[in-house]
Enquirer: 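I have a structure I would like to understand better, so I am pasting it below and will then ask my questions one at a time.
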Amino acid sequence: MKHFNGWYYSFEPVNSGRDTLVMKYTSAALTRHSFFPEGFVLQREGRKDMFLPVEYRPVEGKGPQDSFSWNYSEPSLTDMIPELKKVIPSEGATEFDTYETEISEGRKPGWYRIVIDGTVKVEAADSDGAYYASQTLERLCSNAGSRRLPNMTIEDWPDLEYRMFMLDAGRAFYTVDQVKTLIGLLARYKINALQFHLTEDEGWRVEIDGLPELTAYGAFHRLPARQADGTYAEIDAPHPAFDGSFDPSDAASNTQGFYTREDLVEIIRYAAEHHITVIPEFDVPGHSYAAIMAMEYRFRETGDDTYRLVEPEDESVYLSSNNHRRNALNVALPSTYRFIEKVVDGLVSIWDEAGYPLTVINMGGDEVAKGVWQKSPAAQAVRLEGESNLHDYFVCRLIDIVRARGLKVAGWQEMAVNLNPETQARLLPEVAYVCAWSTDGGLDEHKAFSLLPYNIYRSTGKTGVRLERPDCIYGTGAYLWGENLRDFDQACYAVFPKAYGIFDRAWNARPDWDEPGNRGEEQMQEAFDRLYSTVVKYELPYLENNGINHRQAR
C-alpha cells in the first residue's frame, strides 16, 4: 500500500499468479462510518477504470445511543430555542393577524419587546430586533397551533454579538438550495452569521474573475494518471477526496462542484433577508492544496507564474494534519501575495454585486504543518533580510492587504498566537474575531448545552479558573466540518439536535445555573431537561414536517 496524498492510497499487487486479490482492512466492527473505506477503483492498463463499491452490514443492537441522560418535562407554549429571557403572563388571550412594530433607539442591538394585550405591539432596538420578534411570534403561534395567544409581555435580547454557524463547503459541496434551506433553519434559531468555508485542500468552491483554473481544476476530482515511470500525476484535477468520486459530472457526489458569482450573490442576498451575514473563509497559508494544484495547472497550460504558490526548488518535506504533503502556500513568494490580493478583490466584488459590502474576511491561518519552507530558497532569502519569523511576516502582509481594502480580518487561533509583540500590536486593531477552537466542548447535546462563553474554563473541565477579560468574548460558533459528510441529509443529521444547546447559549450566554450561589450541576440538568423536552415536543416534529434529516432522541 502506498500513500499518494491526503486520504488517497494505492495498492499495487505483486505478480503472484493468483486470480484474486484479498486485502484485509480490519476484523473488528467499525464504530463510525468515517472509518469505512468508501470503496476501491480498479485500474488496469488499456481498460476503463472500474469503481468497486464496498458493502457494509450493521451489527444488530449497536446503533447510536444518547451519551447523556435526561428526563422529559412538559414544555410550555413559550418554551423555544433560544430560550426567551423574560416572559410576564397576564390574564386573557388575543387573536391577531397583524401587529405594529416601533423602533426604540438606545437599546442593546437585537433587543425587542412584545406586548400581547388585546393587540400585539412590538418594540425593537433595530431591524434585527424586529426580525427576532417576528421569529418569536411565529414560534408562539406554531406552538399554540393557532394565532390566538395568551396575553403576555416578552422582553428578549442576544448576549453575544457573533452567533455563528460555519459550513464547510470546501470538503463537502452543497447546492445553493441546500445552503438556503440551512440558512432558513439558522434564522429560526436567531443565528446571525454564516462563516462560509469556501476553500480547502479538497476543493476550491468560489469563482474568482481572472483565475478560471481555481474552479475548472480545483473544484473537481479525477483519478491520477499513471505515468511511464510508474508514478501518478494529477493532470486535469486533484485526486479523489473523501467520497471517492472521480467523475466531475457525478451529480450524486458532494465533492464535485463550485459556486458561480451568481450563486454566491443569491446566497448572500437570501441570508441578508434572514438577518444573517455571510462571512467568506479563504484559508491560507495551509489547507491550500486545491489552490496550489490549480495554479500549477495554470502555469503548465500558460507559462504564467504571476500567481504561482509554490517554489519548484523548495525541497521541504512535511505532512499536514489532514495527511497532505504539499498544502501550504509559500509565504516568502511575492506571487503568493498577488494571488491573495486577487482572491480578496474577487470576493469583495461579489459581495458588492450582492449589495452587501464585505466587511470581514476569515483568512484561516490554522494547522500549518511543521517543516514547511525549511528548505525553501525564497524563505531563506526572506530570513536573511531580517524576517526571522515567517509567521509574523505572513500576518503582517495579510494585515496590509485587508487594511488597504477597508476590511477586518478573522481567523483561527493559530493566526493570533506566538506572534512577536510588534506584530500583535499591529494585528489587534485589524481583527474582527478569532475562532478559539481549543475551547470546544460540543461533543454531544448535553456538552453543547453546557458551553459557558464567559466561563469557558469550566466548560473545558478546568475548575477554579475564570476569564481575566470576559469582555473579549464576542460570540460562539458551531462548526460543521465536512470530511465525514456525504450529502446534505448527513449534514443535517450531524447538526440536529446536537447544535440546539450551542444555539441557546449563543443567545443566552449567562445561564442562571452558572451564577454564584445557585445550585450548579443540579440546576443545569433541570435546564437541560427543559431544553431537550422542548426539542422533542416542538423542534423534532418541525424538522420532520419540513423534510430535514435529524438524529432521533433516545
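This structure is a prediction, so every number in the text was calculated from the model and none was measured.
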Enquirer: Assess the residue pair N327 and D201 against the criterion (side chain to side chain donor-acceptor pair (under 3.5 Å)); give the C-alpha distance rounded to whole Å, side-chain angles, the decisive distance to 0.1 Å, and a yes or no.
Expert: CA-CA 7 Å; N327 80 330; D201 294 321; 3.2 Å; yes

Enquirer: Can you label the angle between the Y174 ring and the F488 ring as parallel, tilted or perpendicular, going by 30° and 60°?
Expert: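 Taking F488 first and then Y174, their aromatic rings stand perpendicular (interplane angle over 60°).
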
Enquirer: Keeping the roles fixed (side chain from S320, backbone from A369), state whether a donor-acceptor pair exists under 3.5 Å.
Expert: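 Here the side-chain-to-backbone pair does not exist.
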
Enquirer: As a test of understanding, state which of D49, I235, D247 forms a side-chain contact (heavy atoms from CB on, under 4.5 Å) with L223.
Expert: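 In the set D49, I235, D247, the residue that makes a side-chain contact (heavy atoms from CB on, under 4.5 Å) with L223 is D49.
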
Enquirer: Mind checking the CG-CZ spacing from L211 to R298? Nearest 0.5 Å is all I need.
Expert: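 Between atom CG of L211 and atom CZ of R298 there are 5.5 Å.
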
Enquirer: Should the ring pair Y9 and H3 be called parallel, tilted or perpendicular, given that the plane angle runs from 0 to 90° and is split at 30 and 60?
Expert: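 The rings of Y9 and H3 sit tilted, inter-plane angle from 30° to 60°.
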
Enquirer: Any ion pair linking E539 and R188 (charged N to carboxylate O, less than 4.0 Å)?
Expert: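 The answer is yes: the pair qualifies as a salt bridge.
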
Enquirer: Using a 4.5 Å cut-off on heavy atoms from C-beta on, say whether the side chain of P238 contacts that of Y217.
Expert: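 Sidechains of P238 and Y217: in contact.
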
Enquirer: Quick one: are Y393 and V382 in side-chain contact, heavy atoms under 4.5 Å?
Expert: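 Of all side-chain heavy-atom pairs linking V382 with Y393, at least one is under 4.5 Å.
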
Enquirer: Just do the side chain to side chain donor-acceptor pair (under 3.5 Å) check on E341 and Y307 with the steps written out, would you?
Expert: CA-CA 10 Å; E341 288 176 329; Y307 302 107; over 6 Å; no

Enquirer: Strictly distance-based, threshold 3.5 Å: is any side-chain N or O of Q256 a donor or acceptor partner for the main-chain N or O of H221?
Expert: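 Checking the backbone N and O of H221 against the side chain of Q256, a donor-acceptor pair under 3.5 Å is found.
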
Enquirer: Is any side-chain N of the basic residue among R171 and D168 closer than 4.0 Å to the acidic one's carboxylate O?
Expert: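 So R171 pairs with D168 through a salt bridge.
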
Enquirer: Hey, are the side chains of L451 and T476 touching, using non-hydrogen atoms and a 4.5 Å cut-off?
Expert: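 Yes, side chains in contact.
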
Enquirer: Considering only heavy atoms from C-beta outward, does the side chain of L198 approach that of E281 to under 4.5 Å?
Expert: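 L198 does not reach E281 side chain to side chain.
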
Enquirer: Strictly by modelled atom types, are E311 and S376 linked by a side-chain donor-acceptor pair under 3.5 Å?
Expert: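 On atom types as modelled, these side chains qualify, holding a pair under 3.5 Å.
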
Enquirer: Test side-chain contact (heavy atoms from CB on, under 4.5 Å) on I350 and I268; report intermediate values, then the result.
Expert: CA-CA 9 Å; I350 292 171; I268 294 163; 4.1 Å; yes

Enquirer: Hey, does the side chain of Y318 reach the backbone of H324 with a donor-acceptor pair shorter than 3.5 angstrom?
Expert: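 No: the side chain of Y318 does not pair with the backbone of H324.
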
Enquirer: Indicate yes or no for a side-chain donor-acceptor contact from W351 to the backbone of V278 under 3.5 Å, with no hydrogens or angles considered.
Expert: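 Between the backbone of V278 and the side chain of W351 there is a qualifying donor-acceptor contact (under 3.5 Å).
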
Enquirer: Between the side chains of S321 and E367, is a donor N or O closer than 3.5 angstrom to an acceptor N or O?
Expert: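 The criterion, which ignores hydrogens and geometry beyond distance, is satisfied for E367 and S321.
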
Enquirer: Do Q43 and Y232 have side-chain atoms, one donor and one acceptor, less than 3.5 Å apart?
Expert: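 There is no such pair (donor and acceptor under 3.5 Å, judged by atom type) between the side chains of Q43 and Y232.
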
Enquirer: Could you check L358 against R405 for side-chain contact (heavy atoms from CB on, under 4.5 Å), going step by step and ending with a plain yes or no?
Expert: CA-CA 10 Å; L358 191 62; R405 289 152 179 82; over 6 Å; no

Enquirer: Using a 6.0 Å cut-off, check whether atom CG of D489 has over 12 heavy atoms from anything other than its own residue.
Expert: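 Check passes, neighbour count above 12.
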
Enquirer: So that I can tick it off, tell me whether D444 and K498 are bridged by a salt bridge, with the cut-off set at under 4.0 angstrom between side-chain N and carboxylate O.
Expert: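 Looking at K498 and D444, the cut-off is not met.
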
Enquirer: Just do the salt bridge (Lys or Arg N to Asp or Glu O under 4.0 Å) check on E315 and K375 with the steps written out, would you?
Expert: CA-CA 5 Å; E315 297 180 351; K375 295 184 178 181; 5.6 Å; no

Enquirer: Considering non-hydrogen atoms only, spot the tightest contact between I340 and M363 and give its length.
Expert: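 Smallest interatomic distance, heavy atoms only, reads CG2-CE, 3.8 Å.
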
Enquirer: Identify whether the distance between the nearest side-chain nitrogen and carboxylate oxygen of R551 and E445 falls below 4.0 Å.
Expert: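 Here R551 pairs with E445 in a salt bridge, since their nearest N and O are under 4.0 Å apart.
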
Enquirer: Do S349 and D352 get their side chains close enough for a donor-acceptor pair, meaning under 3.5 Å?
Expert: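 Short answer, no.
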
Enquirer: Are any side-chain N or O atoms of N5 and backbone N or O atoms of R325, one a donor and one an acceptor, separated by less than 3.5 Å?
Expert: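 Here the side-chain-to-backbone pair exists.
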
Enquirer: Mark yes or no: R205 above the aromatic ring of Y259, with NZ or CZ under 6.0 Å from the six-membered ring centre and no more than 45 degrees from the axis.
Expert: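 No, a cation-pi geometry is absent between R205 and Y259.
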
Enquirer: Look at the aromatic rings of Y8 and F4 and report parallel, tilted or perpendicular, splitting at 30° and 60°.
Expert: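 It falls in the perpendicular class, over 60°.
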
Enquirer: Provide the closest heavy-atom pair for D209 versus R261 in the form atom of the first, atom of the second, distance.
Expert: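 Reported closest heavy-atom pair: OD2-NH1, 3.3 Å.
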
Enquirer: Please list, chain by chain and in numerical order, all residues satisfying ring-ring contact (aromatic ring centres under 6.0 Å, His included) with F394, sequence neighbours excluded.
Expert: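 Listed in chain order: nothing, the list is empty.
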
Enquirer: Are D250 and S245 close enough that a side-chain donor and a side-chain acceptor fall under 3.5 Å?
Expert: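 Distance-only check passes for D250 and S245.
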
Enquirer: On a heavy-atom basis, which atom in D263 and which in F258 lie closest, and how many Å separate them?
Expert: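 What the structure gives for the nearest pair is OD2-O, 4.1 Å.
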
Enquirer: Without swapping roles, check the side chain of E296 against the backbone of I292 for a donor-acceptor pair under 3.5 Å.
Expert: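 The answer is no, because no donor-acceptor pair under 3.5 Å joins these two groups.
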
Enquirer: What's the verdict on side-chain contact (heavy atoms from CB on, under 4.5 Å) for Q413 and D366, showing C-alpha distance, side-chain angles and the deciding distance?
Expert: CA-CA 7 Å; Q413 64 188 38; D366 61 308; over 6 Å; no

Enquirer: So, do P248 and R222 sit near enough that their side-chain heavy atoms are less than 4.5 Å apart?
Expert: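 Sidechains of R222 and P248: in contact.
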
Enquirer: Check ring-ring contact (aromatic ring centres under 6.0 Å, His included) between H275 and all other residues, then give those that pass, not counting sequence neighbours.
Expert: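 Result, ring-ring contact (aromatic ring centres under 6.0 Å, His included) vs H275: Y131.
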
Enquirer: Tell me, please, which residues at least two apart from F282 pass ring-ring contact (aromatic ring centres under 6.0 Å, His included).
Expert: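 Applying ring-ring contact (aromatic ring centres under 6.0 Å, His included) to F282 gives W204.
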
Enquirer: Give me the atom names and distance for the closest heavy-atom approach of I279 to M164.
Expert: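 Heavy atoms only, the tightest pair is CD1-CE, 4.0 Å.
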
Enquirer: Would you please test Y289 and E234 for side chain to side chain donor-acceptor pair (under 3.5 Å) and show each step?
Expert: CA-CA 12 Å; Y289 187 76; E234 297 162 282; 2.5 Å; yes

Enquirer: Tell me whether Y356 at atom OH has more than 12 heavy atoms from other residues, nucleotides or ligands lying less than 6.0 Å away.
Expert: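 Yes, enclosed.
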
Enquirer: Under 4.0 Å between a side-chain nitrogen and a carboxylate oxygen: does that hold for R426 and D400?
Expert: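 Salt bridge between R426 and D400, a charged N being under 4.0 Å from a carboxylate O: yes.
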
Enquirer: Between C396 and T423, is any pair of side-chain heavy atoms under 4.5 Å apart?
Expert: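 Contact flag for C396/T423 side chains = yes.
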
Enquirer: Could you tell me whether the side chain of N389 and the main chain of H391 form a donor-acceptor pair under 3.5 Å?
Expert: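 A pair under 3.5 Å: yes.
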
Enquirer: A side-chain contact here means heavy atoms from C-beta on lying under 4.5 Å apart; do Y297 and F299 qualify?
Expert: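 Result no, sub-4.5 Å side-chain heavy-atom pair not found.
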
Enquirer: Test side-chain contact (heavy atoms from CB on, under 4.5 Å) on H197 and D283 and set out the steps.
Expert: CA-CA 8 Å; H197 192 80; D283 205 344; 3.8 Å; yes

Enquirer: Where the side chain of S288 meets the backbone of V284, is there a donor-acceptor pair that is under 3.5 Å apart?
Expert: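 Checked: no pair found.
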
Enquirer: Mind checking the NZ-CG spacing from K342 to L347? Nearest 0.5 Å is all I need.
Expert: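 Answer rounded to 0.5 Å: 12.0 Å.
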
Enquirer: Return the minimal non-hydrogen interatomic distance between H239 and P224, and the atom names on each side.
Expert: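 Closest approach of H239 to P224: CB-CG, 3.8 Å.
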
Enquirer: Over all heavy atoms of both residues, which pair between R269 and A354 is shortest? Give the atoms and the distance, please.
Expert: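 Taking R269 first and A354 second, the nearest heavy atoms are NE-O, 3.0 Å.
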
Enquirer: Are T255 and D243 linked by a side-chain donor-acceptor pair shorter than 3.5 Å?
Expert: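 Yes, because at least one side-chain N or O of T255 sits under 3.5 Å from a partner of the opposite role on D243.
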
Enquirer: For R300, does the CZ atom have more than 12 heavy-atom neighbours from other residues, nucleotides or ligands under 6.0 Å away?
Expert: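 Counting other residues, nucleotides and ligands, CZ of R300 exceeds 12 neighbours.
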
Enquirer: Is the shortest heavy-atom distance from the side chain of N330 to the side chain of D314 under 4.5 Å?
Expert: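 Yes, side chains in contact.
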
Enquirer: Measure the spacing between CD of E207 and OG1 of T260 and express it to the nearest 0.5 Å.
Expert: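 If we round to the nearest 0.5 Å, E207:CD and T260:OG1 are 5.5 Å apart.
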
Enquirer: Once the angle between the rings of F503 and Y500 is folded into 0 to 90°, is it parallel (under 30°), tilted (30 to 60°) or perpendicular (over 60°)?
Expert: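 Correct class here is perpendicular.
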
Enquirer: Return yes if a side-chain donor-acceptor contact under 3.5 Å exists between D229 and T231, otherwise no.
Expert: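 There is such a pair between these side chains.
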
